[in-house]
Amino acid sequence: MRELDGNETDTPSLSLRCAVVGRGRLGPALAAALTRAGHRVEGPLGRGEHPATATDVTLLCVPDGEIGTAAAELPPGLLVGHCSGALGLEALAGHEALGLHPLMTVTAEGADFAGSACAVAGSTPRALAVARGLAASLHMRPFEIADEDRAAYHAAASVASNFLVTVEAAAERLAATAGADRDLLVPLVRATVENWAALGAERALTGPVARGDEATVARQRAAVADRAPELLDLWDALARATRELARPEVPA
Ligand SMILES: NC(=O)c1ccc[n+]([C@@H]2O[C@H](COP(=O)([O-])OP(=O)(O)OC[C@H]3O[C@@H](n4cnc5c(N)ncnc54)[C@H](OP(=O)(O)O)[C@@H]3O)[C@@H](O)[C@H]2O)c1
């Protein structure tokens, strides 16, 4: 491995021998991106396949609950990383350990990591430098997060990405009851996300709740109750949270 002294960070020219374990969503996408970035990549490896001994770093792209098991299958003393947002490095006990969590959604179709943030961690200065170097080589922005803050950080990521998809799925279902295709919603969703990014939540918020038009909100709620009653709990929770955002001084 090219020696890193722990001060050398954000190193896009770094070239390492990387093994990637896990053939789900992240493993193939990360292996392809690392290859494009000039690293020598082995994998993505499946269950029971072990990286070559000359590997500089082994990156586990397996579910959080499997990280300890997958790490225990590796010979001790290797530099091993996981890609979990929620877990600290304790899951990799017995190894020099790093964390590399791309703050990006990766589907079976892959992902573009460039420009995204990446939570990095290292059990040694060298491991941290490798994590920073790998992130930078993929043109991600590395940042450190304390172990005790990880669960909250990962919860924020789930709200921002996963729960957003759940909300859009509910919108799709309601639109379908009115004969409106999901494609009609796409420009609205894109503009809303861009407005939130550019303006912040308070200024991005529009619509009947923001206007205080409660008669319209009541008509909308009645339509939800009629067309998709399974969505009423979600509707009520979101309407309450939206009122709090629009008028934080008024109890919901
Ligand atoms: N997807 C994302 O958007 C994303 C983004 C950032 C970080 N991550 C992190 O990446 C990690 C993997 O997530 P994912 O979304 O890629 O999960 P996933 O799509 O469910 O894929 C996990 C893969 O790991 C394999 N696996 C499980 N145990 C294994 C073991 N002991 N040895 C080798 N392979 C094993 C699974 O194989 P089987 O099918 O045989 O079980 C599956 O192919 C998680 O820590 C997650 O937090 C994911």
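Values below: every heavy atom of this structure, side chains too, minus hydrogens, waters and symmetry copies. Order of listing sets the numbers, starting from 1, for every ligand and every atom in it.
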Remaining members of Leu245's ILVMFWY cluster at a side-chain heavy-atom cut-off under 4.5 Å? Leu205
Hydrophobic cluster partners of Leu184 (side-chain heavy atoms under 4.5 Å): none
Donor on one side chain, acceptor on other, His101 and Ser84, under 3.5 Å: no
Would you say the side chains of Ser123 and Glu96 form a donor-acceptor pair under 3.5 Å? no
Candidates Val57, Leu59, Asp56, Thr58 - the one meeting side-chain contact (heavy atoms from CB on, under 4.5 Å) with Pro51: Thr58
Does anything in residues 187-221 form a ring pair (Phe, Tyr, Trp, His ring centres under 6.0 Å)? List the pairs, not counting sequence neighbours. none
Tell me the residues surrounding ligand 1, counting only those with a heavy atom closer than 4.0 angstrom, sorted by chain and number. Val21, Arg23, Gly24, Arg25, Leu26, Gly46, Arg47, Cys61, Val62, Pro63, Asp64, Glu66, Ala70, Cys83, Ser84, His101, Pro102, Met104, Thr105, Val106
